[in-house]
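Order of the sequence lines sets the chain letters (A, B, ...), proteins ahead of strands, with each chain counted from 1.
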Amino acid sequence: MKFSRIGPASVFFAFMAIVPLAGSVFWTMIATEVLIMGLFAMSFNLIYGYMGQISFGHAAFFGIGAYATAMIGRTFGNDYGWFFLALAMSVPVAAIFAAIIGFFVIRRTGIYFAILTMAFGELMFFLVFSSYSVTGGDNGIQGLLPPPLLRAPSHYHYLVLCVVALCFVLLWRITQSPFGYTLRAIRDNAKRVRFIGVNVEFCMWVNFVVAGAFAGLAGGLWAPFTRSVAPTLLNWQESGIPVFMALIGGAYTFAGPLFGSLIYTLLHAWVTGVTQYWSLVIGLVMVFIVFLAPTGVVGSVLRQWRTPGISAPAEPKTPTVASPERG
Amino acid sequence: MPFDADLLMTQLVVGVARAMMLFLLSAGLSLIFGVMNVLNFAHATFLLLGGYIIYSVYSLIGPGILMFLLAVAAGCVVLAAIGFALERLVISRMYERELPEQLLLTFSFVLIIGDLIRLVWGVEDRSVSFNIEPLEIFGTFVNPYQFVVIGLGLAVALGLWMFLKFTRYGRIVRAAVHSREMVSALGIRIRLIYASVFALGLALAALAAGAFLPTAPMALGVDIDLIVQSFAVVVIGGFGSILGTFVASLIVGIVYAFSVLVWPNGALAVVFLIVVAILIWRPWGLFGSELRT
Amino acid sequence: MLKDQNNSFLNAISRRDFILKSATAGAAVMMSRHARAEAAEPYRLGLLLSATGSGANYSEGGIKAVTNAVAEINGRGGLLGKHQIELHFRDTQSKPDSAAREARDVITRDNVRAVIGTWSSAEALAVEEIIDEHKVLHFAANSNSSRLTHENFSPWFFQYSPDTRMESGAIAVVLAEMAKKNNWKSFVSIGQDYEWARAQQAGFLEAFNKLVPDVKLSKEFWFKIGETSFGPYISGIMAMKPDFCFGAIAGKDNVTFIEQARPAGLFKRTVYPGGLLSLSELQQLKDALPRGMIGVARAPFYALLDQPVMQKYLKMYHAAYGADAYPSDWACMHYDAVYGLEQAVTKAGSIENEDVRKALTGATIDTCRGKATFRACNNQLGVPSYVGTVTDSPDYKFPILDPKTMTKVSAEQTWLPSCEEVQALQKKRA
Amino acid sequence: MGTLLSVRDLWRSFGGLAVTQGVSLDLEAGSQEAIIGPNGAGKSTFFNLLTGYHRPTSGSIVFDGVEVSHMPPHRIVRRGMSRAFQVANIFVRMTVFENVRCAVQAHMGRTLDLFGNAESQGTERSREILEMCSLADKAETEASSLAQGDRKKLELALALASDPKLLLLDEPTAGMSLEETHETMKVVDGLNRTLGITVLFTEHDMSVVFNHARRITVLHRGKIVAQGLPDEIRNNEYAQEIYFGEKS
């Protein structure tokens with residue numbers, strides 16, 4: 001029973017592990033990107049798929065994590081010790097920001113949550129953007145080379161694979177824990193959760209911080225991967241990407257966002273190589289997804305052959321997510 | 001910075017002019033959200049589309065101010081038609097869907113329309129210039145076009161207010177902002193109302209584009225910069241409240257104008273600080289109502 | 001590829017179907033390679049410019065120029081007469097992160113040997129990290145922050161545009177003269193809050209202060225790229241009552257700023273020298289541009305009509321886009337970049353990256369702007385900056401910077417005087 | 001047995017409109033009582049005040065010896081006051097078993113256990129509760145596909161998960177068939193008699209009220225107008241007039 005839930009993901013990670021063996025630097029890098037963005041999308045899905053709120057400022061934590069790693073890396077160089085410390089620091093730094101921002105946003109639900117997270121995201125973007133002396137402003141920070149052994153794309157890929165696989169297991173544990181089920185309950189009916197003796201705001205806050213921390217780690221992996229960071233990593237358009245990945249893969253399945261990342265990244269890489277009208281194509285695909293596969297690709301596939309009751313969170317039947325609790 | 005009365009006065013005027021520009025852009029966004037509960041990410045992209053259409057019509061029939069006004073009218077009509085069709089064909093299927101899907105749909109409009117504009121008009125910036133000469137008042141120069149914008153903003157605000165207050169349709173729209181069920185219960189054809197409001201919102205975006213064109217070129221990417229500020233205004237004012245949008249525009253415009261004097265590169269951060277503060281204090285905005293779901 | 005095929009390709013090319021055309025051209029190259037098995041390996045060239053976002057308008061000239069130049073070279077049989085150039089375009093979306101991503105993509109997927117681009121300096125900085133690692137040549141013909149050739153220098157990077165230090169230094173030379181003559185005391189600056197403008201303003205301050213130390217900067221204004229209403233900034237500037245306002249504004253924002261500053265009376269109160277007035281701005285602003293305004297240009301074709309390369313390119317440009325069409329500064333510099341590549345390959349007798357890099361380092365090449373030499377210590381092409389005043393011209397439907405009074409400030413006058421100083425700035429790359 | 005709940009002079013107004021006006025009520029531990037009143041009498045508001053969902057404008061609520069009038073709902077629940085809603089408030093995208101297990105784990109204080117296994121905690125207790133509410137055969141059904149009667153049973157099960165001393169039931173049989181009503185009230189009686197849980201419920205169905213409540217309080221326009229044994233209320237003219245009179 002359990003394998004049927006983790007099965008597709010095991011296949012996914014096994015596949016990711018053999019990609020570099022094919023010897024193509026390009027596909028190795030695409031695979032690395034899939035993993036990092038997949039982690040970003042899964043962290044977003046803690047808030048959306050499990051807690052039922054949509055964050056339109058999640059890229060802020062991705063960006064903050066990337067900047068944390070970049071700034072430590074820039075200051076102390078790329079020894080192995082400093083590199084891993086810089087990478088690890090993306091987690092607490094992003095978590096601290098998530099804790100502060102979360103304190104304010106978890107009091108709101110539905111559209112207000114979405115807009116408040118977006119406003120905070122933009123605020124962080126403008127702060128990073130205008131703090132020229134600290135963050136380098138618009139040009140960002142360059143020269144974020146990983147230490148020599150991790151520089152080869154395949155080596156970095158395996159580092160990312162290990163980190164993301166570990167996060168995958170952690171996230172799986174979290175979503176299967178009493179906490180994870182409490183989140184689902186909050187998503188379905190926050191008011192009721194109060195009356196089974198749960199401090200709903202605190203739970204939501206903890207989840208927001210956890211999600212921010214994972215997003216920060218994804219950003220931390222991203223910075224040395226692209227060798228540079230720029231403020232655009234934080235802005236609202238970037239926040240749309242995990243939303244899209246989660247929806248394309250299926251927000252109500254655990255591994256959905258990961259597959260969403262795979263689909264989105266491949267689609268993006270393919271389209272940008274073929275036409276300069278890539279945003280038209282991506283936009284049309286989005287419309288297509290929204291209308292024809294509202295539970296995402298993975299969700300739609302699962303619905304075909306999975307008996308009800310087994311799927312971790314099931315597909316939505318009623319549009320309850322958007323409505324604020326009191327009303 | 002030498003703060004004298006002259007400077008405060010001119011800064012107030014430019015702030016109000018900026019505010020009215022924001023209001024023209026945001027009024028439609030606020031109305032659409034208020035009535036249909038749909039957050040239109042693509043609102044500024046529709047402004048861009050309107051601007052390009054106005055430009056094309058004007059280069060056909062121009063030059064001259066009168067012809068420009070005609071072109072603006074044509075732009076409004078075209079956008080209204082697009083809005084009506086879009087609501088009936090696409091948006092109307094989304095009302096029962098979850099919030100993220102709605103957001104994603106309008107977000108995909110940003111991408112699609114942006115690229116369609118590029119396909120039709122190319123990447124060149126388009127601008128219309130009337131060679132306006134500065135006006136000298138009490139020894140300071142002011143841009144006379146600012147008064148045109150301020151006047152237009154006030155007129156639209158007043159017009160919308162009267163429409164909502166005194167016409168039958170307006171009252172129905174206001175009722176729809178308050179409670180959708182009530183309007184359907186009254187047996188009013190809510191679908192027609194929705195499509196009309198969407199059309200009106202897009203026509204307002206085209207009107208904003210008309211006000212915009214003589215001061216700044218239409219260019220790809222402008223929508224991305226504008227929509228964020230427009231969200232700020234709507235959030236501060238409260239969804240669905242024209243008065244709120246108006247007041248919020250004034251706040252944002254004037255605060256921005258004075259921030260520029262004190263902390264030029266952080267002016268937008270200041271605006272978002274206000275947004276965050278308002279959302280924490282009154283998430284439904286200054287003039288929105290608490291009870292709406 | 002057949003010659004006449006190329007010509008029709010060149011004639012038919014237009015902005016909108018550029019990608020389709022180049023894709024078919026690529027396919028044609030592939031097919032002809034299959035047909036003639038003995039044909040030499042194509043030279044794969046990446047083009048990283050913006051098709052979307054704020055840089056799209058200004059990338060168009062570059063895209064046109066590179067496509068034209070490639071078609072021309074391929075018409076001659078290709079590099080060294082046998083290596084057809086295969087062009088791979090990627091949209092950088094005017095964002096540094098996307099630029100880095102697309103650079104990596106085009107290098108690892110299409111195995112390009114060189115990339116040309118990008119639009120913004122921040123994008124170029126991100127790309128420079130990637131090309132350095134992959135040992136791919138990078139020709140910058142638009143973005144020109146002096147960081148690219150100094151702090152972040154990579155030996156694989158070549159700068160075809162005057163860098164910000166040179167460009168703003170040139171303006172400083174001209175303005176220092178005016179300041180002395182008019183007894184100016186103070187000025188303000190306004191700039192886009194991004195790498196190029198920051199570097200431009202810093203470069204200007206340094207150079208200007210050296211020349212006239214007692215003229216003081218009283219306030220700096222920075223605004224976010226894409227600003228649409230400059231009212232608050234304009235009145236803020238006027239309130240400072242400066243003798244002049246130095247502008248570090250390029251592209252659409254400069255057009256918007258001038259469009260709004262004029263009716264607000266800024267130009268009646270103070271002068272606004274230093275803005276980048278490339279052909280794009282001149283054509284777009286037309287009547288709205290105050291005559292007599294001082295601006296800087298990087299490759300103004302109308303002032304370079306005596307240069308043989310410019311003559312050749314202009315003829316090609318007219319043939320492709322009509323007699324009324326003129327290449328923008330961006331187009332000319334991108335043309336130089338491709339033409340420079342051909343000269344380097346010819347000199348090296350090889351298309352191998354290491355050979356081409358060595359051949360180009362310190363080389364003197366023919367460009368639209370005359371003969372110019374790459375500075376050996378930072379691969380900066382020694383091209384002048386053109387500072388002039390806006391005037392009407394009987395020959396064109398748009399105003400130009402008056403070639404008769406134009407000051408051509410040479411590279412040597414404005415770049416860091418010695419290579420030791422340059423190398424002191426260049427950090428060691430790991 | 002002493003007093004479990006003691007409400008003194010409770011007031012609450014919404015925007016100038018006083019919905020609860022000086023209500024005082026004592027509840028003996030182990031009792032089973034009902035609150036009745038016409039629509040808009042303030043029953044739901046009263047429950048909301050007791051459970052901390054609304055804060056009283058003034059007055060005090062002492063539960064089990066502790067003042068709870070300013071506590072948030074979850075802390076009141078943890079002190080042993082639990083409620084079931086009139087309209088079933090269940091977690092629709094989880095199975096019936098997961099619904100109850102989640103509530104049981106909350107009661108066990110496992111909510112912030114991020115890395116434990118939800119499937120191995122509190123399962124015994126969850127099954128027990130499902131048995132109690134005769135939902136055991138539907139344990140693996142997704143809550144969204146339950147029939148109305150089963151939803152209400154699940155609602156009750158959720159309320160029981162926190163091991164309450166006091167159970168507040170807001171119209172526990174609303175929307176149920178006669179048979180289901182009977183079954184449900186049997187469960188409630190059982191909870192009261194065998195487990196000693198104090199029960200306070202509101203109900204529209206007068207036969208349920210008179211058969212299952214040992215004392216009845218009549219609420220009208222936010223005030224208590226009558227209180228007494230079922231027979232006393234049945235014969236109280238005042239209560240008859242305002243309650244039965246208005247209802248028909």
Validation row: D/Phe85, A/Lys191 side chains within 4.5 angstrom (heavy atoms):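 SC-SC contact between D/Phe85 and A/Lys191 confirmed.
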Taking the side chain as every heavy atom from C-beta outward, state whether D/Asn117 and A/Arg173 have any pair of such atoms under 4.5 Å apart. yes
Closest non-hydrogen atom pair, [X] against [Y]:
{"X": "D/Ala118", "Y": "A/Ser177", "result": "CB-C, 3.5 Å"}
{"X": "A/Ile196", "Y": "D/Val77", "result": "C-CG1, 3.7 Å"}
{"X": "A/Ala185", "Y": "D/Phe91", "result": "O-CD2, 3.5 Å"}
{"X": "A/Phe195", "Y": "D/Ser82", "result": "O-OG, 4.4 Å"}

Hits for ring-ring contact (aromatic ring centres under 6.0 Å, His included) against D/Phe201, two or more places apart or cross-chain, chain-then-number order -> none
Check: A/Gly197 main-chain N/O paired with D/Arg78 side-chain donor or acceptor under 3.5 Å: yes
Exercise. Counting N and O atoms only, with roles assigned by atom type, does the side chain of A/Asp188 sit under 3.5 Å from a partner on the main chain of D/Arg93, one being a donor and the other an acceptor?
Worked result: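 Between the backbone of D/Arg93 and the side chain of A/Asp188 there is a qualifying donor-acceptor contact (under 3.5 Å).
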Separation of D/Met94 CE from A/Arg187 CZ (nearest 0.5 Å):
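Between atom CZ of A/Arg187 and atom CE of D/Met94 there are 8.0 Å.
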| Spacing of A/Tyr181 atom OH and D/Glu119 atom CD [to the nearest 0.5 Å] |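 Between A/Tyr181 OH and D/Glu119 CD, I get 5.5 Å after rounding to 0.5 Å.
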Under 4.5 Å from any heavy atom of chain D - which part of [X]:
{"X": "A/Val193", "value": "both"}
{"X": "A/Val198", "value": "both"}
{"X": "A/Leu183", "value": "neither"}

* Asked: For D/Arg79, is it the side chain, the backbone, both, or neither that has a heavy atom closer than 4.5 Å to a heavy atom of chain A?
  ->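 When you check distances to chain A, no heavy atom of D/Arg79 falls under 4.5 Å.
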If one checks every heavy atom of D/Ile90 against chain A at 4.5 Å, the contacting part turns out to be backbone
### Query
Around D/Met132, counting heavy atoms of other residues, nucleotides and ligands shown, do more than 12 lie under 6.0 Å from its CE?
yes
Ranking D/Met108, D/Arg75, D/Arg101 by heavy-atom pairs under 4.5 Å to chain A gives rank one to D/Arg101
Tell me which of these, D/Met81, D/Arg110, D/Arg83, has more heavy-atom pairs under 4.5 Å with chain A than the rest.
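Of the candidates given, the most pairs with chain A belong to D/Arg83.
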Contacts satisfying ring-ring contact (aromatic ring centres under 6.0 Å, His included) that involve residues 97-116 of chain D (not counting sequence neighbours) are none
Inter-chain contacts: residues 154-172 of chain D against chain A, heavy atoms under 4.5 Å:
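Near chain A, by residue number: D/Glu155, D/Leu158, D/Ala159.
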Residues at least two apart in sequence or cross-chain that pass side chain to side chain contact (heavy atoms under 4.5 Å, CB included) with D/Val62, listed by chain then number, are D/Ser6, D/Ser60, D/Glu67
Most heavy-atom pairs under 4.5 Å with chain D, out of A/Asn199, A/Thr175, A/Thr182, A/Ile186, belong to A/Asn199
